[in-house]
Visitor: 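Pasting a structure below so you can have a look.
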There are 2 protein chains.
Amino acid sequence: MAPKYKRKEIPEVLRNHGITPTHQRIEIAAALYSRMEHLSAEQILALVNEHAAETSKATVYNTLKLFVAKRLVREVIVNPGKTFYDPNPEPHHHLYHLDTGCLTDIPADSVSISGLPPLPPGLKTEGVDVIVRVRAARASGG
Amino acid sequence: MAPKYKRKEIPEVLRNHGITPTHQRIEIAAALYSRMEHLSAEQILALVNEHAAETSKATVYNTLKLFVAKRLVREVIVNPGKTFYDPNPEPHHHLYHLDTGCLTDIPADSVSISGLPPLPPGLKTEGVDVIVRVRAARASGG
DNA sequence: GTAGTTGCAAAGTGTTTGCAGGCAG
DNA sequence: CTGCCTGCAAACACTTTGCAACTAC
């Protein structure tokens, strides 16, 4: 998928979300935006240090949490013990390939969900995650 | 919710799923079925040892994995680093309360999802998880 | 006697934290 | 100087593993 932002636009994107654009944060945002893929913290750490080791693990985690809090990216939780980060903050769904661990988007505009019961009063919806888990058809199910 | 099985039925349920019913496995199944709630491994460990410590952590984890493999229960993944186990294996969806960590069922029969794109050939759907994340309306979002 | 099950505790993975140094205003 | 940002490494929570004793048949 085409990058959502050009690299030089990233500082402004961060500012627009109330995030001071530092070198490390720009690198992390660029890693996500240049690929528009779902990346784990581990993958992002590897990517930003690909050319030169300049960002620590702690900073990657801190920054990703900051991005999530500021709604710059979205957490996608498909399996316990590893969080993926999705640079596409718009509502959409996910297809998770159980054999490969590959995670792809399902555009929200093609999908409609109806019949969800009304929320109890005093609650508001933060988001609806739809995860379609698929497997190779020939794999014996277990 | 009413228990799905009576305690004395549990050994047969296990056998029907190809699981040798041992004391610990029956306890763990009973903990799930008597409550029909979403429990974490930690909660199950506490429940089965409530009266007397007779089941180890390893056995709880091993048994839960076995139950999942045998389709007796379902894993529900709502946050990284903690897996919930759902004694209801039928298709249904979940409401996750972000403030309390409380997880409740949404019956599948009231919800319809349409417009999911066709699967690429050679894949089969293992399941569709819908997680509605809610929060107290007055809580400032962060 | 054999095969399967359990328990303990240590190892493992992914994530979070505490504190000191660095840079900007 | 003050405050935010960063890095290191230890701490942390949850889960998995290895091995020996135990149980049932």
Side-chain angles (χ1 to χ4, degrees), chain A residues 10-11 14-15 17-31 38-70 72-86 101 103, chain B residues 10-12 14-15 17-31 38-70 72-86 101 103 142:
Chain A
I10 288 177
L14 296 184
R15 283 203 186 282
H17 285 261
I19 300 167
T20 304
T22 67
H23 178 64
Q24 283 85 347
R25 289 172 180 176
I26 293 169
E27 287 294 322
I28 292 168
H38 308 85
L39 301 174
S40 66
E42 183 187 23
Q43 291 173 305
I44 292 168
L45 179 62
L47 282 173
V48 297
N49 290 328
E50 212 169 27
H51 33 72
E54 50 188 16
T55 306
S56 72
K57 186 191 293 188
T59 297
V60 168
Y61 278 101
N62 287 339
T63 299
L64 289 171
K65 282 181 64 172
L66 178 67
F67 284 3
V68 170
K70 298 296 190 180
L72 205 64
V73 303
R74 212 171 120 179
E75 278 177 323
V76 183
I77 302 165
V78 288
N79 64 64
K82 186 163 258 179
T83 304
F84 284 91
Y85 293 89
D86 183 346
L103 186 63
Chain B
I10 288 177
E12 183 159 353
L14 296 184
R15 283 203 187 282
H17 286 261
I19 299 168
T20 305
T22 68
H23 178 63
Q24 284 86 344
R25 290 172 179 177
I26 293 169
E27 287 294 322
I28 291 168
H38 309 84
L39 301 174
S40 65
E42 183 187 22
Q43 290 174 307
I44 291 168
L45 179 62
L47 282 172
V48 297
N49 289 329
E50 211 169 27
H51 33 73
E54 50 188 17
T55 306
S56 72
K57 186 191 295 189
T59 298
V60 169
Y61 279 101
N62 288 340
T63 300
L64 289 171
K65 281 181 65 170
L66 178 67
F67 285 3
V68 170
K70 299 296 189 180
L72 205 65
V73 303
R74 211 173 119 179
E75 280 178 322
V76 183
I77 302 165
V78 288
N79 65 63
K82 185 165 260 177
T83 303
F84 284 90
Y85 294 89
D86 184 344
L103 187 62

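Letters A, B, ... mirror the listed sequences (proteins, then strands); counts begin at 1.
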Visitor: For Thr59(B), check side-chain hydrogen bond (donor to acceptor under 3.5 Å, both in side chains) against everything at least two apart and list the hits.
Guide: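 Ser56(B).
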Visitor: Nearest-Å distance, CG (Leu64(A)) to C1' (dC5(D))?
Guide: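 For the pair Leu64(A) CG and dC5(D) C1', the rounded distance is 15 Å.
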Visitor: Checking Glu54(B) now: which residues fulfil side-chain hydrogen bond (donor to acceptor under 3.5 Å, both in side chains) with it, not counting sequence neighbours?
Guide: His23(B)
Visitor: Let me have a per-nucleotide readout for nucleotides 20-25 of chain D, 5' to 3', with B, S or -, counting only protein heavy atoms under 4.0 Å.
Guide: ------
Visitor: Restricting to non-hydrogen atoms, name the atom on Ala31(B) and the atom on Leu39(B) that form the minimum distance, rounded to 0.1 Å.
Guide: O-CD1, 3.8 Å
Visitor: State which residues pass side chain to side chain contact (heavy atoms under 4.5 Å, CB included) with Pro11(B); sequence neighbours excluded, sorted by chain then number.
Guide: Pro21(B), Ile26(B)
Visitor: With sequence neighbours left out, what residues match Leu45(B) under side chain to side chain contact (heavy atoms under 4.5 Å, CB included)?
Guide: Asn49(B), Lys57(B), Val60(B)
Visitor: What pairs with Phe84(B) under side chain to side chain contact (heavy atoms under 4.5 Å, CB included), at least two apart in sequence or on another chain?
Guide: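 So Phe84(B) forms a side chain to side chain contact (heavy atoms under 4.5 Å, CB included) with His38(B), Ser40(B), Gln43(B), Val76(B), Val78(B), Asn79(B), Lys82(B), Leu103(B).
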Visitor: Over how many whole Å does the gap from Glu27(A) atom CD to dC5(D) atom C1' extend?
Guide: 15 Å
Visitor: When rounded to the nearest 0.5 angstrom, what distance separates CG in Leu14(A) from CD1 in Ile10(A)?
Guide: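 Taking CG in Leu14(A) and CD1 in Ile10(A), the distance rounds to 7.0 Å.
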Visitor: Not counting sequence neighbours, list each pair that qualifies as a salt bridge (Lys or Arg N to Asp or Glu O under 4.0 Å) and has a residue in residues 17-29 of chain A.
Guide: Arg7(A)-Glu27(A)
Visitor: Which range-with-range stems can be found for DNA chain D when each stem has 3 or more Watson-Crick or G-U pairs in a row and both distances sit under 3.5 Å?
Guide: C:1-25 with D:1-25
Visitor: Tell me, please, which residues at least two apart from Thr20(B) pass side-chain hydrogen bond (donor to acceptor under 3.5 Å, both in side chains).
Guide: none
Visitor: Grab the two heavy atoms, one from Ile77(A) and one from Pro80(B), that are nearest each other, plus how far apart they are.
Guide: CD1-CD, 3.5 Å
Visitor: Can you tell me how far the OG1 atom of Thr83(B) sits from the CD atom of Glu75(B), to the nearest 0.5 Å?
Guide: 5.5 Å
Visitor: Using nucleotides 15-18 of chain D, report all nitrogen or oxygen pairs with the protein that are shorter than 3.5 Å.
Guide:
| residue | atom | partner | partner atom | Å |
| --- | --- | --- | --- | --- |
| dT15(D) | OP1 | Thr83(B) | N | 3.0 |
| dT15(D) | OP1 | Thr83(B) | OG1 | 3.4 |
| dT15(D) | OP2 | Tyr61(B) | OH | 2.4 |
| dT15(D) | O5' | Tyr61(B) | OH | 3.4 |

Visitor: Would you say a side-chain N or O of Ser56(A) is under 4.0 Å from OP1 or OP2 of dG7(D)?
Guide: yes
Visitor: With heavy atoms of chain A within less than 4.0 Å as the criterion, where does contact along DNA chain C begin and end?
Guide: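 Using the under 4.0 Å cut-off, the span is dG14(C) to dT17(C).
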Visitor: Measure CG/Leu39(B) against C1'/dC14(D) and give the value in whole Å, please.
Guide: 16 Å
Visitor: Under a 4.5 Å cut-off applied to non-hydrogen side-chain atoms, are Leu64(B) and Val68(B) in contact?
Guide: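 Side chain of Leu64(B) against side chain of Val68(B), heavy atoms only: no contact under 4.5 Å found.
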Visitor: For the CG atom of Leu72(B) and the NZ atom of Lys70(B), what is their distance to the nearest 0.5 Å?
Guide: 10.5 Å
Visitor: For the pair made of CD in Glu54(A) and P in dC5(D), what is the distance, rounded to whole Å?
Guide: 18 Å
